[in-house]
Protein chains: 2
Amino acid sequence: MATLRDVAQAAGVSPATASRALSAPDSVSSGRRFKVLEAAQRLGYQPNRSAQALASGRNRHLGLVLPDLANPYFATIAKGVQLEARESSNAVLVADTDEDPRREHDVVRELQTRVDGVVLCSPRMPEEQILECAARGPLVLVNREIEGIPSVTFDVASGMRQTLLHLRALDHRTIAYVGGPETSWSDRHRRRGLDSVAGITVIDLGPHRPVHAGGFAAADLALETGATAVVCFNDLVALGVVSRLQSRGVAIPSGMNVVGFDNIPGSTYVTPALTTVAVPLQRAGREAAMLLDPSLSPADAAPAQLRLDVELIIRESTAPLTPAP
Amino acid sequence: MATLRDVAQAAGVSPATASRALSAPDSVSSGRRFKVLEAAQRLGYQPNRSAQALASGRNRHLGLVLPDLANPYFATIAKGVQLEARESSNAVLVADTDEDPRREHDVVRELQTRVDGVVLCSPRMPEEQILECAARGPLVLVNREIEGIPSVTFDVASGMRQTLLHLRALDHRTIAYVGGPETSWSDRHRRRGLDSVAGITVIDLGPHRPVHAGGFAAADLALETGATAVVCFNDLVALGVVSRLQSRGVAIPSGMNVVGFDNIPGSTYVTPALTTVAVPLQRAGREAAMLLDPSLSPADAAPAQLRLDVELIIRESTAPLTPAP
DNA sequence: GTGAAAGCGCTAACAT
DNA sequence: ATGTTAGCGCTTTCAC
C-alpha cells in the first residue's frame with residue numbers, strides 16, 4: 001500500500017507538500033499540486049485514516065445512538081444522519097441500545113472514544129447522564145431538549161393543535177388521547193397542544209408503550225369513553241388501535257376516527273390509511289449531523305436548539321362525524 | 001486526557017508493561033498488573049483508539065453496507081451485526097446506499113478505508129465488483145452467494161417448498177408467484193423451490209419491485225389467473241397484495257390466500273395476520289459479523305458459506321380452500 | 001510556497 | 001516477566 005511518502009517521492013516534493021496538496025490544495029503551487037495528484041492517482045494512494053486521525057485529532061466519524069434500529073422512526077432519522085455525513089465525508093457509527101435506557105449511557109461513552117461527535121436519540125436517559133456525556137465531547141440531541149445542549153426537535157404541540165382543529169371541523173367534540181411514555185419529552189409536548197383548541201373535550205387515556213401492542217389496550221379504553229376519535233402518541237400505537245378496533249367489529253372511520261403521529265411508511269399501508277402528523281425525521285437527522293460539524297458552530301455561540309415544523313396529513317382514518325345526508 | 005505513559009509512570013512501570021497489563025493481562029505479574037489497573041482507573045485513562053489503530057493495524061470497526069436502513073428486513077440484519085460487534089468490542093459503521101446499486105461499489109470502498117472488515121448486503125451489485133471489493137479486504141456477503149467469498153444465506157428454496165406443501169394440504173391446486181428483482185440471488189433460489197411439490201400448478205407473475213407498491217399490480221394479475229393463493233417474494237409485497245385485494249373487495253383468506261416471505265414485524269400487524277416464511281435475519285447479521293473475526297477464521301480455510309434454516313409461520317392469511325361444512 | 005523536523009499515543013519486536 | 005527501542009503514516013508548527 002502506497003504511503004504519502006511514496007507519493008511525495010514520486011512527485012519530487014516533500015511529504016509536507018504532498019499532504020497539503022491533498023488536503024489544502026490552495027496552499028500549493030498549481031504545478032506541484034498537479035504532480036502530487038497525478039502521483040497519488042498513479043500509485044493508487046489511499047490515505048491511512050488511523051494515521052490521519054492520530055495526527056490531526058479528528059476521525060471524521062460521527063456516532064449515532066438510538067433505542068431501536070428496527071423501528072422505522074429511528075431508522076429514518078438514521079438515514080438523515082447518513083445523508084449529511086456522507087456529504088461532509090464522515091462515516092456513521094450506529095449503536096442500538098435495544099430500548100434499554102440503562103445501557104444508553106455506556107453505549108454513548110464507548111462510542112465517544114471512537115468518534116468526533118454523537119447524535120443522541122434517547123427519549124429516556126436521565127438528564128444528568130446526558131449532561132455528563134455532553135461534557136465529554138460534542139453531542140446533539142434529537143427529539144428532546146435540554147438546556148445548554150444543542151438539539152433538534154419537532155413542534156409536536158402544533159401538530160396536536162392541527163389535529164384537534166381538524167377533528168373539530170369534522171364535528172367531533174369528544175376525543176381520547178393515547179399517551180406515550182410518561183417521561184418522554186415528546187409526550188409532554190404533545191400534551192401541551194391538547195388544550196389549545198376550544199370546544200373539544202380531551203379524555204386522557206394515560207401512558208402506553210409506544211408500540212403496536214400498546215394500541216390494543218388503548219383501543220378498548222377508548223371505546224369505553226364514548227369518544228368519537230382517538231389520537232395516538234405515534235403511528236405504531238395508532239396501527240395497534242386500528243387492528244384492535246377492527247377485530248372488535250368497529251369500522252374506521254365510520255365507527256371511530258384514528259389519528260397517529262410521525263407518518264412512518266406503515267401508516268399508508270394499512271387500510272384505512274392513517275391520518276397522521278408528519279414529522280420531518282430525515283431532515284432532523286441531517287440537521288443534527290450538521291450541528292456536529294465544528295466548522296459551522298463557533299464554540300462560543302449558544303447551543304442551537306432547532307424546532308422543526310410538522311404537518312397534519314389527512315388520509316382515510318378521519319371523516320366527518322355525521323356524513324352529509 | 002491521560003495517556004498510557006502517564007499510567008505507566010504512575011504505576012512505576014514501563015509503557016510496554018502498562019500496555020500489556022491492559023491488553024494481555026496474563027503476560028504481566030499480578031502485582032504490577034494491579035498497580036497499572038489501579039493507576040489507569042485513578043487517572044481515568046481512556047486508550048486513544050487512533051493510536052491503537054495506527055500501531056496495531058486494526059481498528060475494531062466493522063462496516064455494514066445495505067440498500068436501505070428504513071427497510072425492516074435490512075434493519076433487522078443490522079441489529080444482528082451490532083449485537084455480535086458489541087460482544088467482540090467492535091463498533092459498526094453503517095452505510096445506506098439508498099437502493100442505488102451503482103453507488104454501492106464506492107460506498108464499500110470508502111468504508112473499507114475505515115474498517116477491518118465489511119458485511120455486505122447487496123442483492124444487486126455486479127459480481128465482479130463484489131469480487132474486486134473482496135480482494136481489498138475481509139468481506140462477508142449476506143443473502144447472496146458468490147464462489148470464493150464467505151457468505152450467510154437462507155434456505156429459501158426450502159421455505160418455498162414448505163409453503164407449497166402447506167397450501168396443497170389446504171387443497172389449493174393453482175397458486176401464483178409474485179417474483180422479486182430478476183437479478184436477485186434470493187429470487188432465483190425461491191424459484192428453485194417452486195417446482196418441488198407435485199400436484200400444484202404455479203403461475204409465474206413475473207418480477208416485481210420488492211416493496212408495497214409492487215404488490216398492487218401483482219394483486220390484479222393474480223386475480224386474473226384464477227389462482228386461489230398468491231405467494232410473494234417478500235412481506236412488503238404481500239402487504240401490498242393484501243391492501244389491493246381488500247380494496248377490490250376480495251376477502252382474505254376466504255377469497256384469496258396470501259403468503260409472504262421474511263416475517264418482518266409488519267406481517268403480524270396487518271389484518272389478517274400474514275402467513276409467511278420466517279428467515280433468521282438477526283442471526284444472519286450475527287453470523288456474518290462472526291465470520292469477520294480473524295481469530296475465528298484461519299486464513300487458509302475455504303470461505304465459510306452458511307445456509308440458515310427457515311420456517312413457515314402459519315397465520316390468518318391462509319386457510320382451507322373449502323371449509324368443512 | 002516549501003521543507004525539515006517533531007511529534008500524535010500506542011504496539012510489538014527484540015533484548016534482557 | 002519486563003524494559004528499550006523503533007516505528008505505524010500522517011499533520012503541523014516553524015523556519016526559510
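Each chain gets a letter, A, B and so on, in the order its sequence line appears, and its residues count up from 1.
With sequence neighbours excluded, the residues that form a side chain to side chain contact (heavy atoms under 4.5 Å, CB included) with A:Thr3 are A:Arg5, A:Asp6. Scored by the side chain to side chain donor-acceptor pair (under 3.5 Å) test, A:Arg307 finds A:Glu145, A:Thr153 as partners (sequence neighbours excluded). Every salt bridge (charged side-chain N to carboxylate O under 4.0 Å, His left out) that A:Arg103 has, sequence neighbours left out, goes to A:Asp98. With sequence neighbours excluded, no residue forms a ring-ring contact (aromatic ring centres under 6.0 Å, His included) with B:His105. Shown here are the salt bridge (charged side-chain N to carboxylate O under 4.0 Å, His left out) partners of B:Arg283, two or more places apart in sequence or in another chain: B:Glu287. When the salt bridge (charged side-chain N to carboxylate O under 4.0 Å, His left out) test is applied to B:Glu104, no partner is found at least two apart in sequence or on another chain.
The phosphate of C:dA12 (OP1 or OP2) has no side-chain N or O of B:Ser56 nearer than 4.0 angstrom.
In the helix from C:dG1-D:dC16 to C:dT16-D:dA1, the rotation axis of the first five pairs and that of the last five pairs differ in direction by 30°, rounded to 10 degrees.
Of all the residues in residues 38-50 of chain B, B:Tyr45, B:Pro47, B:Asn48 reach under 4.0 Å from DNA chain C with at least one non-hydrogen atom. The stretch residues 3-24 of chain B comes close to DNA chain D through B:Val13, B:Ser14, B:Ala16, B:Thr17, B:Arg20, each having a heavy atom under 4.0 Å from the strand.
Without hydrogens or angle criteria, B:Gln52 side chain to B:Asn59 main chain gives no donor-acceptor distance under 3.5 Å.
Nearest-nucleotide mapping onto DNA chain D: of B:Arg32 and B:Ala55, the residue sitting toward the 5' end is B:Arg32. Nearer the 5' end of DNA chain C, as judged by each residue's closest nucleotide, is the contact made by A:Val28, out of B:Gln52 and A:Val28. Residue-to-nucleotide proximity on DNA chain D shows that, of B:Arg33 and B:Ala51, the 5′-proximal contact is made by B:Arg33.
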Taking only distance into account, with no hydrogens and no angle test, what donor-acceptor pairs under 3.5 Å do side-chain atoms of residues 32-43 of chain A form with protein atoms, sequence neighbours excluded?
residue	atom	partner	partner atom	Å
A:Glu38	OE2	A:Arg42	NE	3.0

Using distance only, find each side-chain donor-acceptor pair of residues 20-27 of chain A under 3.5 Å and give its atom names and separation, not counting sequence neighbours.
residue	atom	partner	partner atom	Å
A:Ser23	OG	A:Ser19	O	2.9
A:Ser27	OG	A:Ala24	O	2.8

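In this structure, the CZ atom of B:Arg58 is 23 Å from the P atom of C:dG9, given to the nearest Å. C:dC8 atom C1' lies 4 Å from atom CG of A:Leu54, rounded to whole Å. Atom P of nucleotide C:dG9 and atom CG of A:Asn59 are separated by 14 Å, given to the nearest angstrom.
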One pair to check against salt bridge (Lys or Arg N to Asp or Glu O under 4.0 Å): B:Arg86 and A:Glu110. What are the steps and the verdict?
CA-CA 10 Å; B:Arg86 183 154 329 144; A:Glu110 210 279 329; over 6 Å; no
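With no hydrogens or angles considered, no side-chain donor-acceptor pair links B:His61 and B:Arg49 at under 3.5 Å. Of the N and O atoms on the side chains of A:Asp68 and A:Tyr73, not one donor lies less than 3.5 Å from an acceptor on the other residue.
Put simply, chain B comes within 4.0 Å of DNA chain D, heavy atom to any atom, from D:dA1 to D:dG9, going 5' to 3'.
Contact between B:Ala18 and B:Leu4 at its shortest, heavy atoms only, is CB-CD1, 3.7 Å.
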